[in-house]
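Notes for the one structure printed next.
Quick caveat, the model's predicted, so the values are computed rather than measured.
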Amino acid sequence: MLACCVVAAGARPLEEVRWWNGVLGLSGEFRTVFDNTEYSAVRLPKPDERTYFFSDLTLFADFHVAEGVLVQVGGKAAYEFGDDAPGGPGPEAFLRLRGTFDTERHHWTFGHFREDVSPLTFEQRDYDDDLAGMRYRLTWGIADGRLFLARTSTVGEERYEAFAGGGRLALQPWEATVLGANLGGIHEGGFDAGQGSPPPGGRTREAGVGSVDFEQRLPWGFYAAGEAALSIDRSYPEDGSLRDNAFWLGFGWRRGPWEVGARAYRVGWAFVSPWAVRFLRNEEGVLLLSDFYAGTARAAATFELFETAVLTLSLEGGLKYKETNFDEVDYNFNVELIKFEVYL
């Protein structure tokens, strides 16, 4: 029997739209993102020093197979503004598939998803592509844990097979306190079976990062947070595994739509975290040249519009020092972010 109902106002307007006695539904998301990053003169190139200005729309047909079982089939259309010049790629379209299985405590995701763990282990930026893999989440009392594994590229000619993985266990023993343990890593390779060929002069990357973090909410909207991490990099077999550490400590104020905060970083010269926060990713694929200290500050405003949309305005800046005596500045950077999201 074919049946349909019209959604009332709510967080997701399409959530209550169902056909076939509730088996088939719709969901989606629209985004426009302006993300501009600028660095001063740097010793090494920074691949993310560019402006990302794009819109994307994701729509799913939701098949509610059984209670707690959902299969989503849909597509994502993305358009980078100014990218439709003659010879340019113009708009792009991608297939998106996702299956979820949820019980009271256990939650599985298969297919496409997005993930954030912690600043030093794994953090997806808006312009990073969706992950394709699987994720498991456990919610039990004061504990909230998850593990995920995704493959970000397949083996091919002059291309590595790459896996990304990570996880988090968060405990909230008191209402104002959150304690966490985190993992993130990358593994490249894939030529043992004789398929494809590695990039000329390239090397595989195999690195893992573990960290612990905390956030403590304080009176009047203030909070303190921090994270300490250790990385193990096995990308240089002739030198053995390289280990190093990093940590940051931050303070801020959050009230209503407004937030301001600052962080101080100390990062060891051999610390490697391929999926870390923006300026620590080391996408150049080389060792950092020295230990360094850095400071960042951020101001942001997040407005909820009509219960279905969110507008985010953010300004972030930072300063990195080459040496521990703060005599020589390595570089400074700033990031301007404007993001408009509509949850369908």
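No side-chain heavy atom of Tyr265 sits less than 4.5 Å from a side-chain heavy atom of Lys320. At a threshold of 4.5 Å between non-hydrogen side-chain atoms, the residues Glu227 and Thr121 count as touching. Looking at heavy atoms from C-beta onward, Lys339 lies in side-chain contact with Glu341 at the 4.5 angstrom threshold. Considering only heavy atoms from C-beta on, Phe340 stays 4.5 Å or farther from Ile338 through its side chain. Counting heavy atoms from C-beta outward, Arg255 and Trp220 have side chains that approach closer than 4.5 Å. Two residues are said to be in side-chain contact when any heavy atoms from C-beta on lie closer than 4.5 Å; Glu80 and Val33 fail this criterion. Two residues are said to be in side-chain contact when any heavy atoms from C-beta on lie closer than 4.5 Å; Asp126 and Leu337 meet this criterion. Taking the side chain as every heavy atom from C-beta outward, Leu59 and Leu344 approach each other to under 4.5 Å.
Phe163 and Leu183 fall into different hydrophobic clusters, defined by Ile, Leu, Val, Met, Phe, Trp and Tyr side-chain heavy atoms under 4.5 Å apart, directly or through other members. Leu230 and Phe292 fall into different hydrophobic clusters, where Ile, Leu, Val, Met, Phe, Trp and Tyr side chains are chained together by heavy-atom contacts under 4.5 Å. Residues Val209 and Val212 fall into different hydrophobic clusters, defined by Ile, Leu, Val, Met, Phe, Trp and Tyr side chains chained together at heavy-atom separations under 4.5 Å. Note on Leu147 and Phe101: separate hydrophobic clusters, where clusters join Ile, Leu, Val, Met, Phe, Trp and Tyr whose side-chain heavy atoms are under 4.5 Å apart, directly or indirectly. Under a hydrophobic-cluster definition in which Ile, Leu, Val, Met, Phe, Trp and Tyr are linked whenever side-chain heavy atoms come within less than 4.5 Å, directly or via other members, Trp108 and Val69 are assigned to the same cluster.
Between Tyr136 and His106, the ring planes lie parallel to each other; the angle is under 30°, not in the 30° to 60° tilted range. In this structure, Phe122 and Phe148 have perpendicular ring planes: the angle between them is above 60°, well past the 30° mark.
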Derivation of the side chain to side chain contact (heavy atoms under 4.5 Å, CB included) call for Asp330 and Val42: CA-CA 7 Å; Asp330 191 356; Val42 292; 5.6 Å; no
CA sep, side-chain torsions, deciding dist, call: Phe60, Leu70, side chain to side chain contact (heavy atoms under 4.5 Å, CB included): CA-CA 11 Å; Phe60 282 109; Leu70 174 64; over 6 Å; no
Intermediate values then yes/no, side chain to side chain donor-acceptor pair (under 3.5 Å), Thr32 and Ser55: CA-CA 4 Å; Thr32 292; Ser55 287; 2.6 Å; yes
Check against side chain to side chain contact (heavy atoms under 4.5 Å, CB included), Tyr79 and Asp56: CA-CA 6 Å; Tyr79 172 60; Asp56 58 31; over 6 Å; no
Step-by-step ring-ring contact (aromatic ring centres under 6.0 Å, His included) determination, Tyr293 to Trp248: CA-CA 10 Å; Tyr293 284 72; Trp248 63 266; over 10 Å; no
Criterion salt bridge (charged side-chain N to carboxylate O under 4.0 Å, His left out) on Arg96 and Asp129, from CA distance to verdict: CA-CA 11 Å; Arg96 288 292 178 261; Asp129 196 12; 2.9 Å; yes
Stepwise side chain to side chain donor-acceptor pair (under 3.5 Å) check, Asn334 with Glu38: CA-CA 5 Å; Asn334 60 83; Glu38 301 287 346; over 6 Å; no
Candidate pair Thr37 and Arg278, rule side chain to side chain donor-acceptor pair (under 3.5 Å), full reasoning: CA-CA 10 Å; Thr37 302; Arg278 185 185 307 256; 2.8 Å; yes
Worked verdict on Asp48 versus Tyr127 for side chain to side chain contact (heavy atoms under 4.5 Å, CB included): CA-CA 10 Å; Asp48 68 325; Tyr127 48 84; 3.8 Å; yes
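Contact between Gly133 and Phe113 at its shortest, heavy atoms only, is C-CE2, 3.7 Å. Here the closest non-hydrogen pair linking Pro274 and Ile186 is CG-CG2, 3.2 Å. Considering all non-hydrogen atoms of both residues, Asp128 and Arg114 come closest at O-NH1, 3.0 Å. Taking both residues in full, the closest heavy atoms of Leu131 and Ala150 are given as CB-CB, 3.9 Å, listed atom of the first, atom of the second, then distance. Across all their heavy atoms, Thr152 and Ala164 have their closest contact at CG2-CB, 4.0 Å. Taking both residues in full, the closest heavy atoms of Val272 and Ala207 are given as CG1-CB, 4.2 Å, listed atom of the first, atom of the second, then distance.
For Trp253, the CH2 atom sits in a packed shell: over 12 heavy atoms of surrounding residues, nucleotides or ligands are nearer than 6.0 Å.
Side chain of Asp244 to backbone of Trp269: a donor-acceptor contact under 3.5 angstrom is found. A donor-acceptor pair is defined here as one N or O able to donate and one able to accept, closer than 3.5 Å; no such pair exists between the side chain of Ser231 and the backbone of Ser273. Distance alone, capped at 3.5 Å, places no donor-acceptor pair between the Arg137 side chain and the His107 backbone.
If you take CZ on Arg98 and CE on Met134, they are separated by 15.0 Å, rounding to the nearest 0.5 Å. Going from atom NE2 of His64 over to atom CG of Asn21 covers 13.0 Å, rounded to the nearest 0.5 Å. Atom CD1 in Ile232 sits 4.5 Å away from atom CZ in Arg243 (nearest 0.5 Å). Taken from OG in Ser118 to CG in Asp213, the straight-line distance is 6.0 Å, to the nearest 0.5 Å. With rounding to the nearest 0.5 angstrom, the CG atom of Leu26 is 10.5 Å from the CD atom of Gln72.
Every residue meeting the side chain to side chain donor-acceptor pair (under 3.5 Å) condition with Thr177, not counting sequence neighbours, appears here in chain and number order: Gln216. Residues that satisfy the side chain to side chain donor-acceptor pair (under 3.5 Å) test with Thr100, not counting sequence neighbours, are absent from this structure.
A salt bridge does not link Arg205 with Asp233: none of the charged nitrogens is closer than 4.0 Å to a carboxylate oxygen. The pair Lys76-Glu92 does not count as a salt bridge, with every side-chain nitrogen at least 4.0 angstrom from each carboxylate oxygen. A salt bridge links Glu259 with Arg254: the closest approach of a Lys/Arg side-chain nitrogen to an acidic carboxylate oxygen falls below 4.0 angstrom. No salt bridge links Glu188 with Arg234; every basic N to acidic carboxylate O contact stays at or beyond 4.0 Å. Ion pairing between a basic and an acidic side chain is recognised when a charged N comes within 4.0 Å of a carboxylate O; Asp144 and Arg168 show no such pairing. In summary, Glu316 and Arg298 do not engage in a salt bridge, as defined by a charged side-chain N under 4.0 Å from a carboxylate O.
A donor and an acceptor atom, one from each side chain of Asn182 and Ser211, are located under 3.5 Å apart. In this model, a donor atom of one side chain and an acceptor atom of the other lie less than 3.5 Å apart for Asp62 and Ser27. Side-chain contact check for Thr154 and Arg159: at least one donor-acceptor pair (N or O, by modelled atom type) lies under 3.5 Å. Counted by atom type alone, Asp116 and Gln124 present zero donor-acceptor pairs between their side chains at under 3.5 Å. Residues Arg50 and Asn36 have side chains that never bring a donor and an acceptor to within less than 3.5 angstrom of each other.
Less than 6.0 angstrom separates the ring centroid of Phe303 from the ring centroid of Trp258. Ring centroids of Phe81 and Phe53 are separated by less than 6.0 Å, placing the two rings close together.
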